[in-house]
Amino acid sequence: MQDNLYQFDEEFRDTLGTVDETGKRIWLHPKKPKGYYHNLRIGFTFLLLGLLFAGPFITISGRPLLLLNVFERKFVIFGQAFWPQDFFLLALLGITFFVFVILFTVVFGRLWCGWACPQTLFMEMVFRKIEYWIEGDANQQRKLNSKPWNFEKIRKKGLKHLIFLSIAILIAHTVMSYLIGIEQVKEIVSQSPATNMAGFTGMLFFTGLFYWVFAYLREQACVAICPYGRLQGVLLDNKSIAVMYDWLRGEPRGKISKKTSDSSDKGDCIDCKLCVHACPTGIDIRNGTQLECVNCTACIDACDEVMLKVNKPKGLIRYASYDSIKTGAKTLFNTRVKAYSVVLLVLIGILTTALMTRSDIETTILKVPGQLYQKTDEGKISNLYNIQFVNKTFDDLVITLKVIDNDMAVISKVGGGEQELIGNSHSEGIYFIEIPKEGITSARMKLKVGVFVNDELVETTSTKFLGPMSGSMNK
């Protein structure tokens, strides 16, 4: 008997709550959540979604708050422009963020998933709320699904999916605004699809994707697709905070009987299974921390409500660590947390230094291919260069170039005039560098070129200057 019971208790490790024994998907209809934590999540959701939808309209000194234009390889993060030439900085930023996520998960578990992940916010706090409003709570939804297609079912399902599609369109336009900029999105929307077929296709793709995710894929995105859930298994330890069931207080679980008042042999858990009915991923939190748990706190609110009704203290399911329940220990700053913290601080220091020392202008000097040096009528040696500039600022600049390690060298633009750099764009120009014979020290002489804005040095770069051999210069 004990062996069979043990096997039953361990079955959850070999199955998913959203798939039956034949491999067919089980559609979940979680009980409508309510309670203290749910109210906190509603307020936090309003804040995060407000920032998400307002983000494309927020500017810093005329620059977008966030622009991830992978198509034109332009990135703006908190008003600072980044180019492919800044790949090192973007990679360092990505590594720093990844280490932060690891550290955060080691300490606080999947708090991000339940409180801040866009998938959870939209699914649980937007789309499922609409579903509750139109179709009712879990039992009413099941009854509606089991009914034949009549006017009521068509009306409710049609209205629900029409609203779902409308929200998917709104999300798609917001995502496109972060990818190509709000002005380009306005232009696409105001024109016919034939005028900008690429933009229109992008809108259709994202609309279809988000509608499919939130109307059909749903919790499967967290359970079967998201890699962060898999990371949880290797990142969490006994000191990590997560949604936990207090098995010491709750076991052995059992129903409360009105016929007998003696419950000294039972724990506080009355085995009502409301924590399971409220779970949006279909798990039983009493089995312990599981991959599917997104720390949404729905089970905490459901259990607390039951505990109040049976005159038991709240917190049978709560935010806690394994060690805090088993031994009462509350120390979070273990060796692993210290190690990740040191690595994170080092990365932040390197990233901060790199950002502070980053030049506003990126200059690349390329020798015009197929050309050697030329001799001018004045007896000087001349080299021809193609110089490319990236203006990382949003201001139009006028620059001058000077060779700063050879007083005899003169650099001049072909055709004369000043070099103008348009804000946040590429520019290029053709330049001559001329040096008298007596100023040439080798056949491949290295020169350092400075880029000046209003007589202020903002960037230095180097190039090779080709000249005659020392023996031929005397002829």
Has the side chain of K255 got a donor or acceptor atom that lies under 3.5 Å from a matching backbone atom of D271?
-> yes

So how far is it from F205 CZ to M176 CE, rounded to the nearest 0.5 Å?
-> 10.5 Å

Atom CG of L28 and atom OG1 of T281: how far apart are they, to the nearest 0.5 Å?
-> 7.5 Å

Are Y36 and T297 close enough that a side-chain donor and a side-chain acceptor fall under 3.5 Å?
-> no

L236 and G109 have their tightest heavy-atom pair at CD2-CA, 3.5 Å

Please answer whether the main-chain N or O of D323 pairs with a side-chain N or O of T327 as donor and acceptor at a distance below 3.5 Å.
-> yes

Atom of C279, atom of P30 and distance for their closest heavy-atom approach | O-CB, 3.7 Å

More than 12 heavy atoms of other residues, nucleotides or ligands under 6.0 Å from NZ of K31: is that the case?
-> no

Note: K129-E124 ion pair, threshold 4.0 Å (strictly below) = no

Any ion pair linking K314 and E305 (charged N to carboxylate O, less than 4.0 Å)?
-> no

Please report the closest heavy-atom contact between T120 and C113, naming both atoms and the distance.
-> OG1-O, 2.7 Å

Give a yes or no on whether the backbone of G136 and the side-chain of Q141 come within a donor-acceptor separation of less than 3.5 Å.
-> yes

When you measure from the side chain of T174 to the backbone N and O of F53, does any donor-acceptor pair fall under 3.5 Å?
-> no

Expected output: side-chain Q184 to main-chain I180 donor-acceptor under 3.5 Å = yes

Does R25 pair with E219 as a salt bridge, N-O distance under 4.0 Å?
-> yes

To the nearest 0.5 Å, how far apart are CZ in R128 and CD in E131?
-> 6.5 Å

Hey, mind stepping through K147 and E152 against salt bridge (charged side-chain N to carboxylate O under 4.0 Å, His left out) and telling me if it holds?
-> CA-CA 10 Å; K147 286 182 178 181; E152 180 192 12; 3.2 Å; yes

Check whether more than 12 heavy atoms from other residues, nucleotides or ligands sit under 6.0 Å from atom CH2 of W27, and answer yes or no.
-> yes

State whether R286 and D284 are salt-bridged, where the test is any N-O pair (Lys NZ or Arg NE/NH1/NH2 against Asp/Glu carboxylate O) under 4.0 Å.
-> yes

Please lay out, stage by stage, how L179 and N69 fare under the test side-chain contact (heavy atoms from CB on, under 4.5 Å).
-> CA-CA 5 Å; L179 291 178; N69 193 338; over 6 Å; no

Drop me the distance from T105's OG1 to D237's CG, to the nearest 0.5 angstrom.
-> 11.5 Å

Parallel under 30°, tilted from 30 to 60°, perpendicular over 60°: which one fits the rings of F100 and F104?
-> tilted

Decide yes or no on side-chain contact (heavy atoms from CB on, under 4.5 Å) for L421 and D396, but give the supporting numbers first.
-> CA-CA 6 Å; L421 306 184; D396 295 343; over 6 Å; no

Are the side chains of R41 and C296 in touch, meaning some heavy atoms are under 4.5 Å apart?
-> yes

Is the backbone N or O of S324 less than 3.5 Å from a side-chain atom of S321, with the two atoms forming a donor-acceptor pair by type?
-> yes

Any salt bridge between K392 and E459, counting N to O under 4.0 Å?
-> no

Give the C-alpha distance, both sets of side-chain angles, the deciding distance and a yes or no for side-chain contact (heavy atoms from CB on, under 4.5 Å) between S341 and L103.
-> CA-CA 7 Å; S341 299; L103 176 61; 3.8 Å; yes

For the pair R218 (side chain) and V213 (backbone), establish whether a donor and an acceptor sit closer than 3.5 Å, ignoring hydrogens and angles.
-> no

Could you tell me which non-hydrogen atom of D268 sits nearest to which non-hydrogen atom of M307, and how far apart they are?
-> O-CE, 3.4 Å

Note, V107 side chain near Y340 side chain (heavy atom, < 4.5 Å) | no

If you count the non-hydrogen atoms of other residues, nucleotides and ligands that lie under 6.0 Å from CD in Q191, is the total more than 12?
-> yes

Hey, mind stepping through M203 and V185 against side-chain contact (heavy atoms from CB on, under 4.5 Å) and telling me if it holds?
-> CA-CA 9 Å; M203 293 291 187; V185 170; 3.6 Å; yes

Is any side-chain heavy atom of T201 less than 4.5 Å from a side-chain heavy atom of M197?
-> yes

Closest heavy-atom pair, Y245 versus I285, reported as atoms and distance to 0.1 Å, is CB-O, 3.8 Å

Has the side chain of N39 got a donor or acceptor atom that lies under 3.5 Å from a matching backbone atom of K34?
-> no

What do you reckon, is NZ of K157 surrounded by more than 12 foreign heavy atoms closer than 6.0 Å?
-> yes

Under 4.5 Å between any side-chain heavy atoms of R253 and I270, yes or no?
-> no

D395 side chain to G423 main-chain N or O, any donor-acceptor pair under 3.5 Å?
-> no

Heavy-atom pair of closest approach, residues G429 and F389 | N-CE1, 4.4 Å

Run the ring-centre check on F127 versus F164 and record whether the distance is less than 6.0 Å.
-> yes

Between the side chains of T195 and S192, is a donor N or O closer than 3.5 angstrom to an acceptor N or O?
-> yes

Is a salt bridge present between D246 and R318, judged by a nitrogen-to-oxygen distance below 4.0 Å?
-> yes

Is a side-chain N or O of Y211 found less than 3.5 angstrom from the main chain of I169, in a donor-acceptor match?
-> no

Count the heavy atoms belonging to other residues, nucleotides or ligands that lie under 6.0 Å from CG of N150, then report whether that count exceeds 12.
-> yes

Looking at side-chain heavy atoms only, is the closest gap between H277 and K273 below 4.5 Å?
-> yes

Under 4.5 Å between any side-chain heavy atoms of D360 and V458, yes or no?
-> no

Output yes when D137 and K32 qualify as a salt bridge under the 4.0 Å nitrogen-oxygen rule, no when they do not.
-> no

Would you check if there is a donor-acceptor pair between the side chains of N139 and H29 at a distance under 3.5 Å?
-> no

Cation-aromatic face contact R249/W247, 6.0 Å, 45 degrees | no

Got N295 and W112 here, is their nearest side-chain heavy-atom distance under 4.5 Å?
-> no

Value for CG (N391) from CG (L397), rounded to nearest 0.5 Å, stands at 4.5 Å

Are the side chains of I300 and V243 in touch, meaning some heavy atoms are under 4.5 Å apart?
-> yes

Can you list the steps and then say if K153 with E135 is a salt bridge (charged side-chain N to carboxylate O under 4.0 Å, His left out)?
-> CA-CA 9 Å; K153 185 171 182 178; E135 298 184 357; over 6 Å; no

Angle class for the Y216/H161 ring planes (parallel below 30°, perpendicular above 60°, tilted otherwise)?
-> parallel

How long is the span from the OG1 atom in T353 to the CG atom in L351, to the nearest 0.5 Å?
-> 8.5 Å

